[in-house]
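Working notes for the structure below.
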Amino acid sequence: MSWWSGAAAAASKREKRQKFVQDKKQKAGGMKKQQEQTLTLWGLTWPIFLEQFLQAIILNIDTLMLGNYSDEAVAAVGVANQIIAAANLLFGFVTLGLGILISQLLGAGKEREASTLASLSIGLNLGLGIAVSVALPVFAKPLLQLLKLPSELMADGAAFLTLTGMCSFAPALILTADTILRMHGYVKQMLLLTFTVIFLNIAGNYLFLYGPLGIPVLGVHGVAIATDASRLIGVAIAAIMLVKMLRHPLSFRAALRMPRSVIKDLLRIGIPSAGENISYQVSQIFITYFVSMLGASALTTKIYTQNMTTFVFLFSASIGQATSILIGRLIGGNRQDDAYRVCYRHLRTGLLIAFGAGSLLVIFSKPLLGLFTADPEVIRLGRTLLLLSLVLEAARACNVIVISALNAAGDVKFPVYAGLVSMWGISIPLAYLFGIVCRLGIPGIWLAFIADEWLRGAAMVLRWRSQKWRRIRHAVVSGEVSL
């Protein structure tokens, strides 16, 4: 009788184990099916748009909330954030290449290899993040002095840079996890993560700036602590999401080993793309200098106009990222003809949205500008710039969408070289010529932007039409390099 009971118990355990495995497979299959259903242009674009919008808020939330506490604190934190933003560009060297390779691996059906590459990238960016976390606190004061931060603001600036800098590994990990999950199609989940980090940051800032329930008011120190805490919690949530959502688990061993051939393929894509972003940021410093030469009204108008047109650009950038995900998968699956057509289809959509949104800004330009200022000169100039932006934003949409397609196909060098020539050979010289020499003022600088963007956009479309990207192969995707 005891033997029979033991056998029955063993059979029951086997049934439970089989049921558990079956349920797990069904769950994984269901998640994959749900993921595949969301891989459409609109299914990807709107969560990416909202996530980018929230990320723009993250970059400014500390400054905005400190505004009611102290103007001096705002200035100190603003300068410190410039250094932190520049340091965070280093992580883009890894994530830009990671996104392109993962999308192609997934398109080729190599999910296990994509997971291994994700593990390696996490280890690489964690290493970079730790290095930055050590460097920023050590060199906080020298870096702030290099940016000419006034001595009376140095204490707050150094405190904020030290405290937030020592947790730089957190945004490095969040950015990497965001890239991995977004390329797998989990854009809505990443939107939820971004919202959670913002909510925690705002709540922490409120506690340390206003001191409810007897909590000590810590000012800049408190804001830095709230920023660090929200990001660390974000890392924990991102880690849980990676474990729960990826069909193939991340490998701790792969995160520690650094095969030179794989890193070379990763950075061969990431460094040029990140370098273009750095070059653009530097070129904008020159443009701002030219605008400053035109007076305070011109500078104020530039800021207000760009703040308004940012929302139009976010739509274009979101479509560009969605295009990159979809085309990367098509290229990985050897469906180049489909990829070729998808780029043009998304380009048409992006141009229509950019023109439509820009038209709304032109129609309502006077009341919108009136929300920011009552200065009639600023409103007059702003309305002119918004009218010119109708043409400009369409060109920017063309650039960001087609460049995203080229990058997804692995053609990363041409957009970088064309961008460098266009920025430094067209945009900056023409901005000085039209705006300063020809005395057209800030509308002349906007005309230079239009010439730059449309000429570059035409070059990108011709490059895509040439289909030279069909001949590009990545060793990681083709299997020449083992993961």
Side-chain angles (χ1 to χ4, degrees), residues 41-42 44-57 280 283-284 287-288 291 297-323 343-373 377-405 419 422-423 426-427 430-431 434-435 440-461:
L41 176 61
W42 293 115
L44 292 168
T45 296
W46 75 262
I48 292 174
F49 171 80
L50 291 176
E51 183 189 353
Q52 288 193 330
F53 177 72
L54 291 175
Q55 285 177 348
I57 293 176
Y280 176 78
S283 71
Q284 290 306 298
I287 295 295
T288 302
V291 176
S297 294
L299 188 59
T300 302
T301 306
K302 174 181 180 290
I303 294 171
Y304 289 154
T305 304
Q306 289 185 331
N307 285 343
M308 293 168 65
T309 56
T310 293
F311 295 101
V312 181
F313 179 72
L314 281 180
F315 273 115
S316 302
S318 302
I319 293 174
Q321 288 193 31
T323 300
C343 176
Y344 285 121
R345 188 163 66 245
H346 291 188
L347 177 58
R348 286 194 296 270
T349 302
L351 289 173
L352 285 172
I353 291 176
F355 187 80
S359 298
L360 290 175
L361 288 180
V362 171
I363 293 170
F364 299 105
S365 59
K366 190 171 183 178
L368 286 173
L369 287 164
L371 296 174
F372 295 98
T373 181
E377 178 63 13
V378 172
I379 292 176
R380 183 188 67 81
L381 280 174
R383 295 185 72 182
T384 301
L385 295 188
L386 286 175
L387 183 61
L388 292 173
S389 295
L390 185 62
V391 182
L392 174 62
E393 291 305 321
R396 294 178 76 190
C398 176
N399 266 310
V400 72
I401 293 170
V402 181
I403 288 175
S404 295
S422 184
M423 281 180 235
I426 298 175
S427 181
L430 287 184
F434 293 162
L440 295 177
I442 193 168
I445 292 177
W446 244 245
L447 289 173
F449 289 165
I450 291 172
D452 164 37
E453 294 286 353
W454 273 113
L455 287 173
R456 187 149 37 112
M460 296 304 124
V461 171

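Just so you know, these numbers use all the heavy atoms, side chains as well, and skip hydrogens, waters and symmetry mates.
- Residues C398 and V461 come closest through the heavy atom pair SG-CG2, 3.8 Å.
- Scanning for side-chain contact (heavy atoms from CB on, under 4.5 Å) contacts around V391 gives I450, W454, with sequence neighbours left out.
- Here T323 pairs with H346 under the side chain to side chain donor-acceptor pair (under 3.5 Å) rule; sequence neighbours left out.
- Atom CZ of F355 is surrounded by 12 or fewer heavy atoms from other residues, nucleotides or ligands within 6.0 Å.
- Applying the ring-ring contact (aromatic ring centres under 6.0 Å, His included) criterion to F449, with sequence neighbours excluded, gives W446.
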Can you list, pair by pair, the side-chain donor-acceptor contacts under 3.5 Å of residues 362-372, counting residues two or more places apart and other chains?
from: S365; atom 1: OG; to: V362; atom 2: O; distance (Å): 3.0
from: S365; atom 1: OG; to: R383; atom 2: NE; distance (Å): 3.2

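- Residues satisfying the side chain to side chain donor-acceptor pair (under 3.5 Å) criterion with R345, sequence neighbours excluded, are absent altogether.
- Applying the side chain to side chain donor-acceptor pair (under 3.5 Å) test to S297 and every residue at least two apart in sequence or in another chain returns nothing.
- Annotation: side-chain contact (heavy atoms from CB on, under 4.5 Å) contacts of T310 (sequence neighbours excluded): L314.
- Rounded to the nearest 0.5 Å, atoms CD1 (I319) and CD1 (I401) are 5.0 Å apart.
- We find the CD1-CE distance between I287 and M423 to be 11.0 Å, quoted to the nearest 0.5 Å.
- Under the side-chain contact (heavy atoms from CB on, under 4.5 Å) criterion, S422 pairs with I426, D452, R456, sequence neighbours left out.
- Distance check, rounded to the nearest 0.5 Å: OH of Y304 to CG of L299 gives 10.5 Å.
- Counting all heavy atoms, side chain and backbone alike, V312 lies closest to A357 at CG2-CB, 3.9 Å.
- Annotation for G382 and T301: closest pair N-CG2, 3.4 Å, computed over non-hydrogen atoms.
- Atoms OG1 and CG, on T305 and L387 in that order, are 11.5 Å from each other to the nearest 0.5 Å.
- Nearest heavy-atom pair, L44 versus A322, reported as atom, atom and distance to 0.1 Å: CB-CB, 3.7 Å.
- For F434, the side-chain contact (heavy atoms from CB on, under 4.5 Å) partners are L430, L440, L447, A448, not counting sequence neighbours.
- Atoms NZ and CG, from K302 and L381 in turn, are 14.0 Å apart once rounded to the nearest 0.5 Å.
- Within the model, atoms CG of N399 and CE of M460 stand 6.5 Å from one another, a figure rounded to the nearest 0.5 Å.
- Closest heavy-atom contact between A397 and G350: CB-O, 4.0 Å.
- Listed by first and then second residue, the salt bridge (Lys or Arg N to Asp or Glu O under 4.0 Å) pairs that reach into residues 386-404 are E393-R396, sequence neighbours excluded.
- F311 meets the ring-ring contact (aromatic ring centres under 6.0 Å, His included) test with F53; sequence neighbours excluded.
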